[in-house]
Amino acid sequence: MEQWDVIVIGAGVVGCAVARELARYRLKTGVLEKELDVACGNSSRNTGMLHAGFTYKPGTLKAECAVEGNQEFDQVAAELGIPFKRTGKLVVGFTDHDRENILKYKAIGEQNGVKGMRMIDKEEIHRIDPNAGGEFAMYVPSSGILDPMAYTIALAENACQNGVEFFFDREVTAIRRLSEEDVYLVETPKGIFRTRWVINCAGMFASKISAMLGYPDYPVKGFKGEYFILDKKAGAFLSIPVYPAPNDNGGFATHATPTVDGNVLVGPDSYVTEDWEDYKVTKEHLDGLIADGSKMFKQMKRDYFIRNFAGIRWKRYDPETGAILDFKLESDENHPHTVNLVGIESPGVTCALSLARRAVALLAKVEQPQANTDFDPVRPVNKRFSEMSREEQAEAIRSDKDYGEIVCRCETVTRAKIRRAIHNPLGVHTVTGIKNRTRATMGRCQGGYCETRITEMIEEELGIRPEDVRYSRADSYMFTGPVRNLKAAGSTAEEGGEGR
Amino acid sequence: MRQTDAVIIGGGPAGLAAAIELRRKGIEDILILEREKKPGGILRQCIHDGFGLTRFGETLSGPEYASRFVRRAQELDIPCMTDTTVLEVTPDRRVYASSSEGLLEIQAKAVILAMGCRERTRGAISIPGTRPAGVYTAGVAQAYINLKNKMVGKRVVILGSGDIGMIMARRMTLEGAKVLGVFEIQPYPSGLPRNVEQCLNDYQIPLYLSHSVTEIRGRDRLESVVVSQVDEHLSPIPGTEKEYACDTLILSVGLIPENELTWMAGAKEDLGTRGPVVDEHYQTTVPGIFAAGNVLHVHDLVDFVSLEAEALADGAARFIQEGALPACPLTVKGDSLVGQLIPGRCSGQEDVTISFRVRRPLKNCSIEVCQGEKVIRRVRKPKALPAEMIQISLKAEELNPNEDLEVKVVC
C-alpha cells in the first residue's frame with residue numbers, strides 16, 4: 001500500500017492552506033475531501049472579508065492569527081494571483097450604545113495590534129461613501145475584500161503545483177492507528193490511505209475527525225446566516241464594507257459588503273441551526289435581510305438580486321457556560337503524529353495561512369522535515385480577458401484562438417479560461433467548480449447563456465457522457481440521458497453534428 | 001479600423017429583418033454580428049409551430065420562420081459573422097467584438113441593437129430552499145432538449161405560465177416526462193390563451209393559478225418542491241403548502257431585455273420596458289444607435305419583432321444617408337394600466353405606431369390616445385390581456401406637433 005507522510009482531511013480554506021504550507025517540505029502529502037471540489041462547505045459561504053481583528057479577545061488564536069493574516073495578505077494575494085482589495089471598513093453607529101460598543105472594540109483592536117482605526121463623523125462617512133448609512137463610524141483601514149472561493153482554489157492549485165495530491169469524493173469514515181508500525185490507516189469508501197501524519201482540517205466536521213483521532217468530540221454550535229448577492233449595477237454604489245456597530249458579544253448583524261469582483265453582498269443575519277449542512281435559504285430571513293440591509297446600504301433593491309445563499313459558522317462552545325471558545329489547535333504525545341484543528345469558523349479565511357503555519361510548525365517540532373527547495377509560492381495565472389486592454393485581448397486571441405470565444409457573456413469568460421481551469425493539475429469537472437474558478441454563470445443571467453456551453457465543454461474536454469456531468473455534488477446529475485437515440489434514427493443533434 | 005454603414009448586433013429575427021429591410025432601402029454596407037454558431041436566434045430551439053401567422057399568413061416552426069430570413073439575407077449577400085461576441089459599443093458607434101479569428105474594431109454610421117432578451121432566474125425572484133441540480137429556466141431546458149439532445153429530467157414541476165413554460169410542459173410530456181403541473185403566481189395565465197389550450201389542456205396538464213413554489217428541496221439533485229397558494233398581494237398563504245416530489249423544476253417567470261451593450265453605449269433606460277428609451281424612429285437617446293425586437297421590449301409574437309425591425313430600418317437608413325433624424329420633442333406616456341409602452345418619444349409630425357400591453361386582464365374597456373384634453377383616437381377592446389401586445393397606428397395629420405401624448409385605459 002502507498003505510504004503517505006501526511007494526510008490532510010478537508011479541502012476547505014484551512015486544509016488547502018495547510019497543504020500549501022506542507023508543500024514547503026519534502027513530505028508526500030495528500031488531501032482527502034468528501035465533496036467533488038475544494039471550498040464546498042463554509043469556506044465558500046461567507047462574506048469574503050479580510051478581517052482586521054478588532055473583535056477578538058486579546059491573546060486568543062483568533063486575534064493573533066487574524067492580525068497576522070491581515071498584515072501579510074497583499075503579498076499572499078500577489079503570490080497566488082487572486083483579486084484582493086484593501087478597501088478598509090466602516091463600522092457605523094446610530095445610538096450612544098452603538099458608540100460605546102464601537103469604542104470598546106476599538107480599544108480591543110488596538111490591544112490586538114490593529115493599526116489606524118479612527119472615529120469619524122457623518123460628514124466623513126458621506127465623503128468615504130455617500131451610500132453608506134450611519135450617524136458616526138469607526139474607520140478601519142486594514143480591512144479588505146477577497147473572493148474566498150478563488151483564494152481556496154489558489155491555495156489548492158499552488159499546493160498541487162508543488163506536489164501535493166488531492167483526492168475528492170473521499171469522505172473519511174474511520175481512522176485506525178497501527179502503533180507498532182507508527183502509521184494511521186485513514187479509511188474512505190474509495191480506499192484506505194496509509195500515512196504517518198494526520199492533520200484534521202475538516203471544518204464543521206472536525207469534531208468527528210477529532211474523536212476518530214482520540215481527541216475530544218468537541219461540542220460545536222451552528223450559527224447560520226443568509227445572504228443576498230446583488231448585481232454589479234448595485235456594486236457601482238458601494239466602495240467599502242459597511243458594518244453596523246457590533247452587539248455586546250462582538251457579533252455583527254446584517255451588513256453590506258462590496259465583493260472584490262464588483263457585486264454587493266448583503267448579509268449575513270445570524271440564527272442557530274441544528275443541521276450540519278443546512279444551507280437552505282428561507283423567506284423569513286431573506287425578508288429580514290431586505291429590512292436590515294436597507295439600513296446599511298441605501299440601494300438595496302429587489303431589481304438587483306441575482307442570487308442568495310446561506311453559510312454556517314460552527315463555533316466551539318463551553319457546554320456548561322455556553323461561552324464561545326477560541327479556535328482549537330493542538331498536537332500532543334498522546335496522539336502521536338496528529339495535528340487537530342477544531343472550531344475554525346469566522347475569521348477562518350483571514351486566519352487560514354497563519355493557522356496553517358502554526359499547524360505545520362507543530363509537525364516540524366516533532367520531526368525536522370527537509371525543505372523543498374523547489375517550492376514555488378507563485379501560482380501562474382493569466383490575466384482575465386475582461387481586464388485586458390484591447391491590444392492585450394487581440395494579442396491573447398492571436399496566441400490562443402480560444403481567447404476569442406466568449407463562453408460567458410455577463411462576466412466575459414473565454415473558452416481558453418475554462419479549458420485551462422479544467423486542465424489545471426488540480427482540475428475541475430463540475431459546473432459549480434468551473435463557476436468558482438472562472439466566474440462563468442455568476443453574472444446576472446446566472447448561466448442562461450453559458451451553462452449549455454459549459455456542460456458541453458466538460459463532456460468534450462474530459463471525454464465523459466452527459467449523464468456523468470455533475471452540477472456540484474456527487475449525485476447532482478444534470479441529464480437523465482439522451483432525448484432520442486439519434487444513431488438509431490440516423491440523424492445527429494443539430495449542434496453536435498454540425499458544430500465542431 | 002473597418003468602416004461600415006450599419007452594424008447589427010444579433011442575428012436573430014430582429015437583426016435579420018432589419019438587415020434585409022436596410023438593404024432594400026439601399027444601404028449596401030451592412031454587417032451582422034452573431035454570438036451563436038448560426039443565425040436565427042432563439043427561434044433555432046423553438047421547434048414547435050405557430051410562428052408566422054401575422055407575417056406570412058401561415059404557421060411555421062421557429063427554425064422554418066428563421067430560415068426564411070436567413071435565406072433572404074444570404075441571397076442578398078449580407079455578411080453575418082457568427083461565433084462573434086460584441087464586447088462594447090461606444091457612444092460614437094465604435095463596435096468591439098471578439099471571435100476566435102481575432103478582435104474586431106468597427107466604426108459604424110449606425111448601430112442596430114438586436115440582442116433579444118434573457119430569462120429571469122431563480123435568484124432574481126428569490127425562491128427559498130436548497131440549491132440542488134435540476135432547476136432550469138425554460139429556455140435553458142429547451143436548448144438542452146431541442147439543440148443538444150439531452151433530457152433534463154423525468155418528473156417535472158413548472159413555475160410560471162409564460163409561453164416558454166407552457167411549451168416546455170408539452171415538450172417534456174411528449175418526450176416521456178411526467179409534468180405534475182404549471183403553477184402561476186398571478187390569478188391569470190401570463191402566456192397566450194392558445195398555449196394554455198394547446199400545450200396544457202390538450203395534454204391534461206393542470207394549471208394552478210394564484211400558486212407559487214415556496215421552497216426547493218434536495219441536497220444533490222432536486223427531490224421536491226413545496227407549492228403554496230398566494231393571496232391578492234401575491235404572498236404565500238400559510239397552511240396551503242403542498243409538497244410535490246419531482247426531479248426537475250422549470251422556471252418560466254419572465255423575460256428581461258438584454259441591454260448590457262446598450263447601457264455601455266450610454267443610452268437611457270426606460271423603466272417601464274427595461275429596454276432603452278426610443279423615439280418613433282426606434283432611435284435610442286444616443287444618435288445613430290437604434291433598437292428593435294425583444295431588446296427593446298419583450299414581444300408576444302415573433303411576427304411583431306420582425307415587423308418592428310423592418311420599421312426601424314426606415315429611420316436607420318435615413319440616418320445613414322442624411323446623418324441625422326428630425327427631433328422628437330414630444331413624450332408618449334401611459335396611465336397606470338398601461339405598460340411596456342413604445343416609443344417613449346415622437347415628433348408629432350410623422351406617422352407613429354404605439355405598442356403597449358395592459359397591466360392586468362380587462363374586459364369591455366376602451367383605449368384612448370390623448371393630447372392634452374383631446375382624445376385623438378379611441379379603440380374599444382371587449383377583452384385585453386397582459387399576454388398580448390396592443391398596437392395603435394396614428395397618422396401624422398391626427399397629431400398636434402406641440403402636445404405630449406398619453407395612452408389611457410378607460411373601463
Side-chain angles (χ1 to χ4, degrees), chain A residues 228-229 277 279-286 302-303 305-309 385 390 393-394 397-398 401-406 409-410 412 414-415 431 444-449 451-452 455-456 466 470-484 486 492-496 498-499, chain B residues 35 37-38 44-45 63 83-85 87-88 96 98-103 105 118-119 121-134 136-137 139-140 143-154 175-177 214-221 236 247-248 256 258 260 263 274:
Chain A
F228 273 113
I229 305 176
E277 296 185 324
Y279 295 140
K280 71 167 185 280
V281 293
T282 61
K283 182 171 188 320
E284 180 194 349
H285 288 274
L286 292 180
R302 281 178 194 270
D303 268 1
F305 296 171
I306 58 176
R307 205 174 170 89
N308 45 59
F309 67 95
F385 191 76
R390 297 287 175 226
Q393 288 175 338
I397 300 170
R398 274 193 291 274
K401 68 179 175 51
D402 281 356
Y403 268 112
E405 185 178 333
I406 309 299
R409 226 218 75 82
C410 301
T412 325
T414 65
R415 187 177 181 84
V431 173
R444 55 181 69 110
C445 92
Q446 290 283 293
Y449 176 64
E451 191 198 271
T452 55
T455 53
E456 200 164 54
R470 291 291 174 270
Y471 175 67
S472 56
R473 309 180 87 158
D475 293 320
S476 63
Y477 63 91
M478 299 197 58
F479 310 112
T480 53
V483 181
R484 302 274 176 100
L486 297 178
T492 53
E494 183 207 26
E495 305 235 320
E498 296 175 43
Chain B
R35 64 187 185 180
K37 285 187 216 322
K38 295 178 189 172
R44 295 162 59 244
Q45 67 187 56
D83 279 320
T84 302
T85 303
L87 301 172
E88 186 185 355
Y96 295 91
S98 177
S99 82
S100 51
E101 309 289 307
L103 194 78
E105 188 181 352
R118 64 162 178 269
E119 296 180 280
T121 65
R122 172 187 175 179
I125 58 169
S126 305
I127 308 174
T130 55
R131 197 167 297 285
Y136 296 95
T137 58
V140 170
Y144 277 131
I145 292 173
N146 293 349
L147 293 179
K148 309 285 182 187
N149 194 37
K150 298 180 203 176
M151 194 63 181
V152 294
K154 302 277 191 207
E175 294 302 339
T214 47
E215 189 180 338
I216 290 172
R217 292 181 177 168
R219 183 181 179 275
D220 290 17
R221 175 80 189 196
D247 61 16
T248 306
I256 304 163
E258 189 152 77
E260 279 64 32
W263 314 141
R274 309 318 301 258

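Lettering of chains follows the sequences in order, A, B, ..., and the numbering in each one begins at 1.
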Residues B/Ser98, A/Ile397; criterion side-chain contact (heavy atoms from CB on, under 4.5 Å); working and verdict: CA-CA 9 Å; B/Ser98 177; A/Ile397 300 170; 3.6 Å; yes
Tell me, side chain or backbone of [X] under 4.5 Å from chain B's heavy atoms, or both, or neither?
X: A/Thr282; result: backbone
X: A/Pro466; result: side chain
X: A/Glu277; result: side chain

Main-chain N/O of A/Tyr477 paired with B/Arg221 side-chain donor or acceptor, under 3.5 Å: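 The answer is yes, because a donor-acceptor pair under 3.5 Å joins these two groups.
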A/Lys280 backbone acceptor or donor facing B/Thr130 side chain under 3.5 Å: no
Minimal non-hydrogen separation, B/Met151 against A/Val483, with atom names: N-CG2, 3.6 Å
Heavy-atom closest pair, residues B/Thr121 and A/Ile306: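 Looking at all heavy atoms of both residues, the closest pair is OG1-O, 4.2 Å.
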Charged tip of A/Arg390 within 45° of B/Tyr96 ring normal and under 6.0 Å: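 A/Arg390 over B/Tyr96 ring: yes.
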Geometric cation-pi criterion B/Arg131 and A/Tyr471, 6.0 Å radius, 45° cone: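 No, cation not above the ring by the 6.0 Å, 45° rule.
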A/Asn308 and B/Arg122: CA distance, side-chain angles, deciding distance, side chain to side chain donor-acceptor pair (under 3.5 Å) verdict: CA-CA 9 Å; A/Asn308 45 59; B/Arg122 172 187 175 179; 5.2 Å; no
Test log, rule salt bridge (charged side-chain N to carboxylate O under 4.0 Å, His left out), inputs A/Arg444 and B/Glu260: CA-CA 10 Å; A/Arg444 55 181 69 110; B/Glu260 279 64 32; 2.6 Å; yes
